[in-house]
Amino acid sequence: MQTVEKKSVPKHLRKYTAEQHYEHYTAINHAVWRYVMRQNHNLLKDTAHEAYTDGLKASSISIDKIPNVDEMNESLAPSGWGAATIDGFIPGVAFFEFQAKGILPVVNEIRKLENILYTPAPDIIHEAAGHAPILADPEYSAFVKRFGEIGMKALATKEEHDHFEAVRSYSNLLEKGNATEEEINRAKQEVDECEAKITELSEAQIVGRFYWWTVEFGLVGDLDDPKIYGAGLLSSVGEGSNALSDEVEKMPFDMDEVINTGFDITKPQPHLFVCKDFKQLLDAAEEFAKTMSFMKGGTESLEKAVRSANTATAVFSSGLQVTGVFTDLLKDDHGEAIYLKTTGETALAASDQQLENHGTDVHADGFGAPIGQIAGLEIPLEDLSDDQLKDIGVQVGNNTELNYENGIQVTGTVTDLVRHNEKLVLISLEDCTVTKGDEVLFNPEWGTFDLAVGTEITSVYAGAADGENYYTVDEAQETPIPEKTQVELNDLYARVRTIRDNGSNDLVADLQPIHNELQEDHPKDWLLRLEMVELLSELTETGLKQALLDELNELKREDEEFNTLIERGLSIV
């Protein structure tokens with residue numbers, strides 16, 4: 001039997017991971033998981049994609065308890081996937097890179113009982129129970145990985161990066177529950193202000209829409225009788241049950257329609273898209289990829305990198321990859337970029353491997369490079385042989401002069417020539433001056449000029465070419481141990497859980513003291529009462545069961561959300 005290797009997280013992504021601290025989940029946490037999973041499994045066994053039920057078991061996801069992500073990582077290996085625990089929101093580039101590498105990022109936190117219907121922040125119910133099961137389908141798995149490869153390269157604007165940080169702060173304040181009203185209002189205002197500054201539809205936004213209407217809220221199959229596969233539906237007590245009703249419009253999947261349809265994460269979705277099968281999604285993703293900067297390159301793509309104000313990579317026609325924060329472009333009279341500049345730490349790579357002696361320590365203060373054809377040459381500079389280079393004076397030790405058709409001039413003494421895959425990618429020069437007319441682009445006093453070789457920019461994308469070397473490598477975050485809150489109530493949940501797991505010789509006698517404490521100290525807790533009714537459901541009617549039902553009915557009258565939750569719970573019991 002072939003051994004399947006478990007997935008491990010690349011070094012540069014470990015800073016987004018966190019320890020799960022499984023033993024610190026409370027009995028209330030497990031009860032919240034169990035309630036949602038019982039609800040969803042009862043609903044979804046007939047309405048979800050056929051891979052869902054088997055996929056739960058295949059990914060070590062139990063209905064009764066929160067999954068251990070280490071066990072999930074091992075169980076997903078046969079399907080070519082793994083799982084890693086993360087701490088809340090992470091940047092889109094990193095999130096999609098996890099998926100591109102076949103690693104499902106799973107948030108370690110679980111929603112609070114008061115947020116059981118909807119959580120403003122990602123949680124383990126959504127990530128594990130929503131995303132993992134359908135990965136058992138090979139076509140869907142291939143789509144998610146490929147979409148990860150595409151999504152990780154999508155360029156966002158600076159305004160979107162700022163908005164992401166504001167949303168992350170706001171959602172964390174809401175979910176953690178210990179912020180003041182003033183702090184929450186200030187965070188919400190920051191979100192609104194950042195959102196108002198977003199004025200263009202970027203690649204990252206389009207990717208986000210595609211992901212939302214497919215991976216998160218997608219339906220598959222016949223338009224009149226579709227199945228659920230989107231994680232947002234598979235993990236939501238409310239929307240999963242409503243998705244197939246007539247209240248939600250079902251629209252045939254159409255790429256143009258999807259990317260031109262926005263969404264509101266705070267409200268139920270008024271319509272959903274139905275794809276014929278997962279191959280349709282993969283084909284659409286490939287078509288969309290052709291419109292992105294990583295496939296198109298050129299000046300427009302470089303301009304998007306500049307507007308992002310974040311780490312990006314530009315690829316020259318020679319294969320040289322320049323990673324950094326792009327800040328300036330010099331253009332010719334036709335508006336085409338002829339010189340690019342980065343600011344701050346920059347690295348050079350080829351075939352996604354950093355070139356020796358060309359990391360961020362060498363190019364710590366930025367990088368500049370001309371783009372274009374050398375005047376008088378019939379073929380690109382990168383394609384010249386060593387003998388052809390000698391013929392134009394490009395030889396180690398020679399003082400050489402290179403004049404570009406766009407008017408840029410490079411003069412200096414050649415100290416090194418770097419080739420990759422038989423193409424010249426870099427010429428290092430000492431005592432070098434780079435000019436465009438009267439404008440000095442590089443001064444000899446600045447040190448060695450590493451001339452990027454390439455007639456054009458063939459690709460531009462978000463993130464680094466060689467992330468393992470470019471990014472600061474941090475190990476997993478040390479997740480704060482949650483404070484023990486509601487200790488007495490949690491103890492009651494634990495006692496009920498033990499009775500359910502181990503059985504009881506006299507249920508009424510074992511549960512009556514717990515009910516007495518609930519009545520005295522926790523009159524508003526509906527979930528534990530529901531669990532006790534479940535345990536008593538097979539007994540002939542008892543006074544305890546009737547008392548619990550009476551209390552649940554009273555809670556239903558007091559609170560509309562309680563009414564919904566209790567009704568759904570009782571319907572399964």
Enumerate, atom names and distances included, each donor-acceptor pair closer than 3.5 Å involving a side-chain atom of residues 565-573, sequence neighbours excluded.
{"from": "Glu567", "atom 1": "OE2", "to": "Lys556", "atom 2": "NZ", "distance (Å)": "2.2"}
{"from": "Arg568", "atom 1": "NH1", "to": "Val237", "atom 2": "O", "distance (Å)": "3.3"}
{"from": "Ser571", "atom 1": "OG", "to": "Arg568", "atom 2": "O", "distance (Å)": "2.6"}

Donor-acceptor pairs under 3.5 Å, side chain of residues 92-100 to any protein atom, not counting sequence neighbours: which ones?
{"from": "Glu97", "atom 1": "OE1", "to": "His12", "atom 2": "NE2", "distance (Å)": "3.3"}
{"from": "Glu97", "atom 1": "OE2", "to": "His12", "atom 2": "NE2", "distance (Å)": "2.8"}
{"from": "Gln99", "atom 1": "NE2", "to": "Tyr211", "atom 2": "OH", "distance (Å)": "3.0"}

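Residues passing the side chain to side chain contact (heavy atoms under 4.5 Å, CB included) test with Lys188, sequence neighbours excluded: Tyr170, Asp192. Take Asp491 and apply the side chain to side chain contact (heavy atoms under 4.5 Å, CB included) test, not counting sequence neighbours, and it matches Arg495. In this view, Phe143 and Phe147 satisfy the ring pair (Phe, Tyr, Trp, His ring centres under 6.0 Å) rule, not counting sequence neighbours. Annotation: ring pair (Phe, Tyr, Trp, His ring centres under 6.0 Å) contacts of Tyr35 (sequence neighbours excluded): Trp526. By the side chain to side chain contact (heavy atoms under 4.5 Å, CB included) test, Asp64 is found to be paired with Arg34, Ser62, residues two or more places apart in sequence or in another chain being considered. Looking at residues two or more places apart in sequence or on another chain, you find a ring pair (Phe, Tyr, Trp, His ring centres under 6.0 Å) between Tyr22 and Tyr25, His30. Remark: Ser202 pairs with Glu160 by the side chain to side chain donor-acceptor pair (under 3.5 Å) rule, at least two apart or across chains. With sequence neighbours excluded, the residues forming a side chain to side chain contact (heavy atoms under 4.5 Å, CB included) with Leu507 are Ile499, Ser504, Leu511, Leu535, Leu536, Leu539, listed by chain and number. For Ser60, the side chain to side chain donor-acceptor pair (under 3.5 Å) partners are Ser75, not counting sequence neighbours.
For Phe278 and Tyr229, the gap between ring centers is short of 6.0 Å.
Sorted by first and then second residue, the salt bridge (Lys or Arg N to Asp or Glu O under 4.0 Å) pairs involving residues 201-223 (not counting sequence neighbours) are Glu203-Lys304.
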